[in-house]
Protein chains: 2
Amino acid sequence: MASVAVIGAGAVGSYYGARLAQAGHDVRFLLRRDYDAVAERGLRIESHHGDFALERPAIARDPAAIGPVDWVLCGLKTTALEDAAALIRPCLAPATRVLAIMNGLGIEERLAASLGTERVFGGLAFTCINRGEPGVIHHIEYGQVGIAHVGDDPAELDRALALWQDATVEVTRQPSLLRARWEKLCWNVPFNGLTVAAGGVDTEAIVTDPALRAAARALMEEVVAAGNADLAAAASPERIDGDAVIARMFTLTDAMGPYRPSTLIDYLEGRAIEVDAIFAEPVRRARDLGVATPRMEMLAALLAGLDPGGGEA
Amino acid sequence: MASVAVIGAGAVGSYYGARLAQAGHDVRFLLRRDYDAVAERGLRIESHHGDFALERPAIARDPAAIGPVDWVLCGLKTTALEDAAALIRPCLAPATRVLAIMNGLGIEERLAASLGTERVFGGLAFTCINRGEPGVIHHIEYGQVGIAHVGDDPAELDRALALWQDATVEVTRQPSLLRARWEKLCWNVPFNGLTVAAGGVDTEAIVTDPALRAAARALMEEVVAAGNADLAAAASPERIDGDAVIARMFTLTDAMGPYRPSTLIDYLEGRAIEVDAIFAEPVRRARDLGVATPRMEMLAALLAGLDPGGGEA
């Protein structure tokens, strides 16, 4: 049994933390907004794999009250990345590992820079999860998590996969964090982006409109081109198989129904959207690599303008 | 003195019609929504060139009541282009000429196909004009009109320029309709488009945000490339001087302040926006010519999705 701190217990953090608790791990959730609701009624997961509840989960308002653990599961929004290290640090012992289930590019590297190289992992969740009322999580579709290590260390990957061994979560081993991150962006850039920029529509509206579907595909092609250039520049032998990945993204999204990605929900609810990690950082990286990403660049500019948490725009 | 029917007396049609009336022409306005207000209080122009009013303008609810005239000034939205011929036809005599002060590409050609080749002109207004309360037009900035002929006939152009001779309107002779239309799109594509797609912001928000300004410039470059390919394909010797046009567009727009283009106002007021003529038609034309316009294409897809008057999106 491992001790686990869930820092950033939004929909994704709560769901995967609850799955670890269900598997018998000692999971402690850092909560702010939902503390009282969860203290009173517990945490309920309504999942397409079957509902379950943690009646009396271990919860805290302060990471110091959680203290050092074996694993930190970080589900913060990248818009809170600045605060992540301060929230995680009270939970660190020398051997603590940190799994960031977050979107975007460059996340693990930044966490590793503050928290210590080698202890950070990326969790790439392909799943449809939304919050319901406080203390209730709706797990609508999918759920698999690709796991990668910031140093691509196979022994570290074994350690991370072992954590999930008894959990009702399909985990896959991702030998290359960089490749896994760019592949994930093949979904997040078009769908998190276009659902907001097209006026606040769901994924079904994108895949069923021929022009928006074509825009989504063209954005994916830009992501693949930039990702493969990034892998080459990093001297990695890995490459993204663009055709296969793009086909898979459409197959999964076509079956998804009218899903609202997290960025869309943040936008519709007036919260800051993850412009930098999902859009601006890949654009900067592509530009440095000399790869043209005209659509992604324009989308990033529009989203920065649309960001409810944005600056002067 | 010429007789003039203003069909589509929105902000632009009313303004230029009033300028012709001020110059002594017999101008008759087709009005629907604002008929009663103008019948009661006349038409008032609040212009940065000085205010003036037509106390008792000739107005009609039906083009048949206007009857045949020397000139039709068509200020309809391109979203009403289907109805334009039916509205204009009652005003036609054999020698009647039609000046379309509208946005977008292919407008004059479509009007010429229904109304007769050679009688149609394009008026390319570079001006900041909005409606105020019914019967009041705010002319905020600029005001010049480039005049082109659907057949690029110099004698016809003389005739059109003569109409404006005594009017307080700066008109310029545009020897090539195709070139003039693409140059106009260098403004309309980025500014009518991005102000809507960036969430309903004014032109100042575009030119002062570095990323959106860069997007505007990149969109202009796509328009120039497509326009020059279109001119070449039409065996025209004319070319757009991209650097000069783009520099001029930014100079003019930087001085414009927080202007709201017509498409933005239509969008904010829940009316159909001119997606087809300003965005989709140039994209189709570029695609036929083999010119890549990735940003314009994505912008067109987003705007079709955002269009309050749009279809299933």
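Quick note on labels: first sequence line is chain A, next is B, and so on, each numbered from 1.
- Both the backbone and the side chain of A/L299 come within contact range of chain B, each with at least one heavy atom under 4.5 Å from a heavy atom of that chain.
- Around the CD atom of A/E82, the shell of radius 6.0 Å holds no more than 12 heavy atoms that belong to other residues, nucleotides or ligands.
- Counting heavy-atom pairs under 4.5 Å between each of A/A292, A/G200, A/A215, A/A301 and chain B puts A/A301 at the top.
- Both the backbone and the side chain of A/A198 come within contact range of chain B, with heavy atoms under 4.5 Å apart.
- Nearest heavy-atom pair, B/M298 versus A/M298, reported as atom, atom and distance to 0.1 Å: CE-CE, 4.1 Å.
- For B/A218, no part sits under 4.5 Å from any heavy atom of chain A, backbone or side chain.
- Options B/G199, B/P294, B/A280 differ in how many heavy-atom pairs under 4.5 Å they form with chain A, and the most are formed by B/P294.
- For A/L194 against B/L302, the heavy-atom pair with the smallest separation is CD2-CD2, 3.8 Å.
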